[in-house]
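Keep in mind that what you see is a predicted model, and the values were worked out from it rather than measured. Whatever order the structure lists ligands and atoms in, that order sets their numbers, starting from 1.
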Amino acid sequence: MDIEIKNICCIGAGYVGGPTMSVIADKCPNININVVDKNSERIRLWNSQDFELLPIYEPGLDKIISRCRGKNLTFSTKIQEKISCADMIFISVNTPTKTKGIGAGHASDLKWVEACAREVALFAKGHTIVVEKSTLPVKTAEVIKNILEASQPNSNEIKKTFDVLSNPEFLAEGSAIRDLEEPDRVLIGGESDDAIMALSNIYKNWVPEDKILHTNIWSSELSKLTANAFLAQRISSINSISALCESTGADVREVSRAIGLDSRIGEKFLNSGPGFGGSCFKKDILNLVYLSRFFDLNEVADFWEGVVKLNTWHQHRLSKLIVQNLFGTISGKKICILGFAFKANTNDTRESAAINICKDLLDEGAFLSIHDPKVSKEQINNDLGIESLKSEINYSEIDDFFNFEGKWVFENSIYKATEKSDAVVVLTEWKEYTRINWKEVSQKMRKPSWIFDARSILDKQEIINNDLLLWRIGDGSKHS
Ligand code: NAD
Ligand code: UGA
């Protein structure tokens, strides 16, 4: 039986729900898409006339929103109403790591997924296809199904029926629109062929059929966790080698290139950096670790846990290196941090390496001036747990920063941020940092002045030519 989808409701207007539904709306003008969220402020921002105010920054998203919003795409807090008129409901809520109770620190907290399932159970009408878009532990579909099936109305009302599908999302932030428009694959797991076809038919509007994979529901759930674990594992692998390069005189860029040309390894995801961040890699690996231990597979759990441990070690390794190079102490010194987002082209800071590194530097008594083109001061306040200094600082009046130990200030200008600094640390690979005038920066900094390029994006020769000392991730040559 062909199921035609006319109304979609997506619960969760976040980094996944927002872009994913915008692209579906753009590609399928005949389907009405209602994105709902309990966070009214977030919804207000999704409805902003000024696209600069959209709650997430994602290149290309503003154009799609301007084409679809108010036509076949809406953002609202009308959760019950939009659930009740939907043929298909995407659950796209957050699934963070549990902070307390059984599995704390490893297992995913499914309370919001369960809350959604209960709302769907209550307000859905007729037949509804429920799609897991959030990343979920294997077997979550069973929980959702149980909740849905326990929700039948009184005997004189029309019976509700449900199908549950798993359709994990593989987009990466910063390239979400491209990833959604040209996905490597779309994965759909489920038991009902009709429901699978209904969802496939939506994707077929723009995704070639051979890229739409059908699997059983558990393979689909597990594939998402596995994909993230494999990607993160590559980063921990190359970051571990960066440390070895620095000790041996090798260069991690050369090693990456050499191994990446082996077609069995491939060149992507081999950039050594300050350690992976983002809301999902750590959470999803820890989830895999939890599942493995649950099934008594301790060696499997230990293997994957190593990827996260290496990442944490690597972030603190960078903080220590900065302190060591600045004569073993940074108290009373000013350090300029360029980039706070966990990667370029996003305003997201969740699990950003910058958080651990800045906290380490503040603990050591440094004064930080932090710049990021898209992350707000308020977000950094939250992440560091310390408020930015409120008043503008006139650096020309200051000789040392002993009165500023453990404090930080948000700077809108890169050049102001570097003023009187002992070091500049590049933590996010924003394009604008590759265009910095190092001559100007060198004149503003205190000597000896260090540049720590944790993303390997700066022109080495230009830095050195401007009387600056350079440390680059994974660079074992003694060039500075
Ligand atoms: P997010 O925190 O940005 O957004 C989740 C939204 O869900 C929030 O706005 C929250 O208010 C809303 N919400 C929670 N419970 C709700 C409820 N009961 N009713 C209505 N709204 C509710 O999260 P995200 O980054 O979009 O991630 C969502 C899921 O997608 C996670 O499982 C994540 O692992 C997965 N994922 C994320 C990415 C990514 O790049 N961020 C990529 C692929 C998959
Ligand atoms: C990642 C995956 O790439 C997506 O496929 C997945 O859907 C998503 O997680 C998710 O489930 O949330 P994302 O975290 O948005 O996407 O961004 P990535 O490009 O994967 O980068 C993650 C982190 O690894 C960033 O901190 C990035 O700077 C770092 N990274 C990435 C490196 O240090 N080196 C690399 O070579 C690549």
Taking 4.0 Å as the limit for heavy-atom contacts, which would you say applies to Cys280 with ligand 1: side chain only, backbone only, both, or neither? side chain
Can you say whether the rings of Trp471 and Phe452 are parallel (under 30°), tilted (30 to 60°) or perpendicular (over 60°)? tilted
Applying a heavy-atom cut-off of 4.0 Å, say which part of Ile235 lies close to ligand 2: side chain, backbone, both or neither. side chain
Among all protein heavy atoms, pick out the one at the shortest distance from atom 20 (O) of ligand 2; state its residue, atom name and that distance to 0.1 Å. Phe269 CZ, 3.1 Å
Can you tell which part of Thr346 has a heavy atom less than 4.0 Å from ligand 2: side chain, backbone, both or neither? neither
Quick check with a 6.0 Å cut-off and a 45 degree axis cone: is Arg69 positioned over the face of Phe75's six-membered ring? no
Identify the protein heavy atom lying closest to atom 5 (O) of ligand 2, giving its residue, its atom name and the separation to 0.1 Å. Phe170 O, 2.7 Å
Of Val36, Thr135, Leu171, Thr77, the one whose closest heavy atom lies nearest atom 44 (C) of ligand 1 is Thr135
When you look for heavy atoms under 4.0 Å from ligand 1, do you find them on the side chain of Arg350, its backbone, both, or neither? side chain
When you measure from the heavy atoms of Arg234 to every atom of ligand 2, does any distance fall below 4.0 Å? no
Report yes or no: is the cationic atom of Lys133 (NZ for Lys, CZ for Arg) closer than 6.0 Å to the six-membered ring centre of Phe90, at no more than 45° off its axis? no
Ser92 contact mode with ligand 1 (heavy-atom cut-off under 4.0 Å): backbone
